[in-house]
There are 2 protein chains.
Amino acid sequence: MDIVFKAINDPTRREILRFLTHGPQNAGTIAQQFNMTKPSISHHLDLLKQAQLIDFSKNGQFLVYTLNKSGFETIHAWFQPFTMFFELPKPKIRL
Amino acid sequence: MDIVFKAINDPTRREILRFLTHGPQNAGTIAQQFNMTKPSISHHLDLLKQAQLIDFSKNGQFLVYTLNKSGFETIHAWFQPFTMFFELPKPKIRL
DNA sequence: TTTATATTTAAATATTTGTTTAATTATTTA
DNA sequence: TAAATAATTAAACAAATATTTAAATATAAA
């Protein structure tokens with residue numbers, strides 16, 4: 001559990017997650033988005049992977065990264081007890 | 001924004017937040033819950049305060065801490081875009 | 001089968017973080 | 001007003017983190 005919170009603590013990692021909402025991306029494409037060396041991005045991807053916030057599959061010489069449900073469910077589950085205490089924006093349509 | 005994620009990264013701070021779901025608590029009462037010195041808890045409370053996850057008011061010589069909506073809204077807002085991508089547990093009743 | 005490309009792993013380092021002990025501030029009570 | 005209580009602030013330090021450069025691995029193309 002700790003690892004998920006550690007993962008989303010870093011701004012670069014949060015940007016990577018946001019970037020992946022556009023769909024699966026190669027490690028190189030992800031690295032291009034940032035003013036930072038590839039090894040540094042690689043390290044961030046590794047941490048997000050450990051937190052199960054992303055996943056990857058191999059496509060030839062490329063590694064394709066995608067969002068992974070598990071880590072987000074962990075965050076959601078942690079957050080749940082606190083929603084009881086606050087009026088949070090309600091969904092516009094019936095779920 | 002960064003400060004909120006930093007705040008919830010620490011397990012002690014997450015326990016403090018959980019403890020405060022039981023209602024407002026004095027600094028001393030909070031400190032008792034943990035095998036840790038008061039200055040350390042004080043520092044954690046300060047960080048949670050900075051993140052607007054908690055608030056306090058003075059009652060004589062006591063400082064009474066409570067949960068604060070603002071910080072949780074920040075987390076919720078960040079999480080929102082990701083909910084689109086995953087089937088998350090649905091509410092049991094109409095909201 | 002050599003060379004280029006995509007990416008990670010390893011080693012080193014500066015910065016940040018969590019904790020402790022000691023000192024300080026503020027309030028209450030005797 | 002002096003002593004006790006509640007809590008924070010300050011200084012010091014060990015542990016964890018993000019980054020870089022250099023080296024290694026794996027696949028593709030020439």
Side-chain angles (χ1 to χ4, degrees), chain A residues 1-20 22-68 71 75 78, chain B residues 1-20 22-68 71 75 78:
Chain A
M1 168 153 220
D2 282 21
I3 186 73
V4 183
F5 292 101
K6 177 178 166 179
I8 63 172
N9 187 21
D10 184 89
T12 302
R13 290 195 286 269
R14 289 197 303 275
E15 279 197 64
I16 290 172
L17 292 177
R18 198 61 105 94
F19 184 55
L20 287 176
H22 301 134
Q25 307 286 349
N26 296 340
T29 315
I30 296 169
Q32 279 176 17
Q33 311 299 312
F34 300 92
N35 186 20
M36 200 175 290
T37 63
K38 275 185 166 197
S40 190
I41 295 299
S42 190
H43 157 254
H44 286 308
L45 291 170
D46 180 51
L47 236 152
L48 289 168
K49 180 69 172 46
Q50 284 179 53
Q52 300 188 69
L53 286 161
I54 63 174
D55 217 335
F56 69 85
S57 56
K58 226 169 179 176
N59 181 8
Q61 68 198 133
F62 301 91
L63 291 184
V64 187
Y65 285 91
T66 58
L67 293 178
N68 176 355
I75 298 169
W78 172 79
Chain B
M1 168 151 222
D2 281 22
I3 187 74
V4 184
F5 291 102
K6 176 178 167 179
I8 64 171
N9 187 21
D10 184 87
T12 302
R13 289 195 288 268
R14 289 197 302 274
E15 279 198 64
I16 291 173
L17 292 177
R18 198 62 105 95
F19 185 54
L20 288 176
H22 300 134
Q25 307 286 349
N26 295 343
T29 314
I30 297 169
Q32 279 176 18
Q33 312 298 313
F34 299 92
N35 187 19
M36 200 176 288
T37 62
K38 274 187 166 193
S40 190
I41 296 298
S42 190
H43 157 254
H44 286 308
L45 290 170
D46 180 51
L47 236 153
L48 289 168
K49 180 70 173 45
Q50 283 180 53
Q52 301 188 70
L53 285 162
I54 65 175
D55 218 333
F56 69 85
S57 56
K58 227 169 179 175
N59 181 7
Q61 69 197 135
F62 301 92
L63 291 184
V64 187
Y65 285 91
T66 57
L67 293 178
N68 176 355
I75 297 170
W78 172 79

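Residue numbers start from 1 in every chain, and the chains themselves are labelled A, B, ... in the order their sequence lines are given, proteins ahead of strands.
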Residues forming a side-chain hydrogen bond (donor to acceptor under 3.5 Å, both in side chains) with B:Asn9, sequence neighbours excluded: none
Those residues at least two apart in sequence (or on a different chain) that pass salt bridge (Lys or Arg N to Asp or Glu O under 4.0 Å) with B:Arg14 are A:Asp2
Given atom CG of A:Asp2 and atom P of C:dT17, what is their separation to the nearest angstrom? 16 Å
Could you encode protein contacts along nucleotides 13-24 of chain D as a string, one character per nucleotide from 5' to 3', using B for base contact, S for sugar-phosphate-only contact and - for no contact, with a heavy-atom cut-off of under 4.0 Å? ----SSBBBB--
Heavy-atom nearest pair, A:Asp10 first then A:Thr12, reads OD2-N, 2.8 Å
If I take atom CD1 in residue B:Ile54 and atom P in nucleotide D:dA7, what distance separates them, rounded to the nearest angstrom? 13 Å
Atom pairs and distances, side-chain donor-acceptor, residues 28-49 of chain A, under 3.5 Å, sequence neighbours left out:
residue: A:Gln33; atom: NE2; partner: A:Thr29; partner atom: O; Å: 3.1
residue: A:His44; atom: ND1; partner: A:Arg13; partner atom: NH1; Å: 2.9
residue: A:Asp46; atom: OD2; partner: A:Gln50; partner atom: NE2; Å: 3.2

Is there a side-chain polar atom (N or O) of B:Tyr65 under 4.0 Å from OP1 or OP2 of D:dT8? yes
Side chain to side chain, B:Leu53 and B:Ile75, heavy atoms closer than 4.5 Å: yes
Give the rounded distance in Å between these two atoms: CD of A:Gln25 and P of C:dA6. 15 Å
Round to a whole Å and report the spacing from CD1 of B:Ile16 to P of D:dA7. 13 Å
Hey, can you pull the donor-acceptor pairs under 3.5 Å for the side chains in residues 61-68 of chain A, sequence neighbours left out?
residue: A:Asn68; atom: OD1; partner: A:Ser70; partner atom: N; Å: 3.0
residue: A:Asn68; atom: OD1; partner: A:Ser70; partner atom: OG; Å: 3.2
residue: A:Asn68; atom: ND2; partner: A:Gln52; partner atom: O; Å: 3.4

What integer distance in Å separates B:Phe56:CZ from C:dT27:P? 12 Å
Would you say the side chain of B:Val4 lies within less than 4.5 Å of the side chain of B:Trp78, judging by non-hydrogen atoms? no
Enumerate the protein-to-nucleotides 3-5 of chain C contacts in which both atoms are nitrogen or oxygen and the separation is below 3.5 Å.
residue: C:dT5; atom: O2; partner: A:Gln61; partner atom: NE2; Å: 3.0

If I take atom CG in residue B:Leu63 and atom P in nucleotide D:dT5, what distance separates them, rounded to the nearest angstrom? 18 Å
Using atom NZ of A:Lys58 as one end and atom P of D:dT25 as the other, report the distance to the nearest whole Å. 13 Å
Can you check whether A:Ile3 reaches A:Lys6 side chain to side chain, under 4.5 Å on heavy atoms? yes
Would you classify B:Asn26 as touching base, sugar-phosphate or nothing, given that sugar-phosphate means primed atoms plus P, OP1 and OP2, and contacts are heavy atoms under 4.0 Å? sugar-phosphate
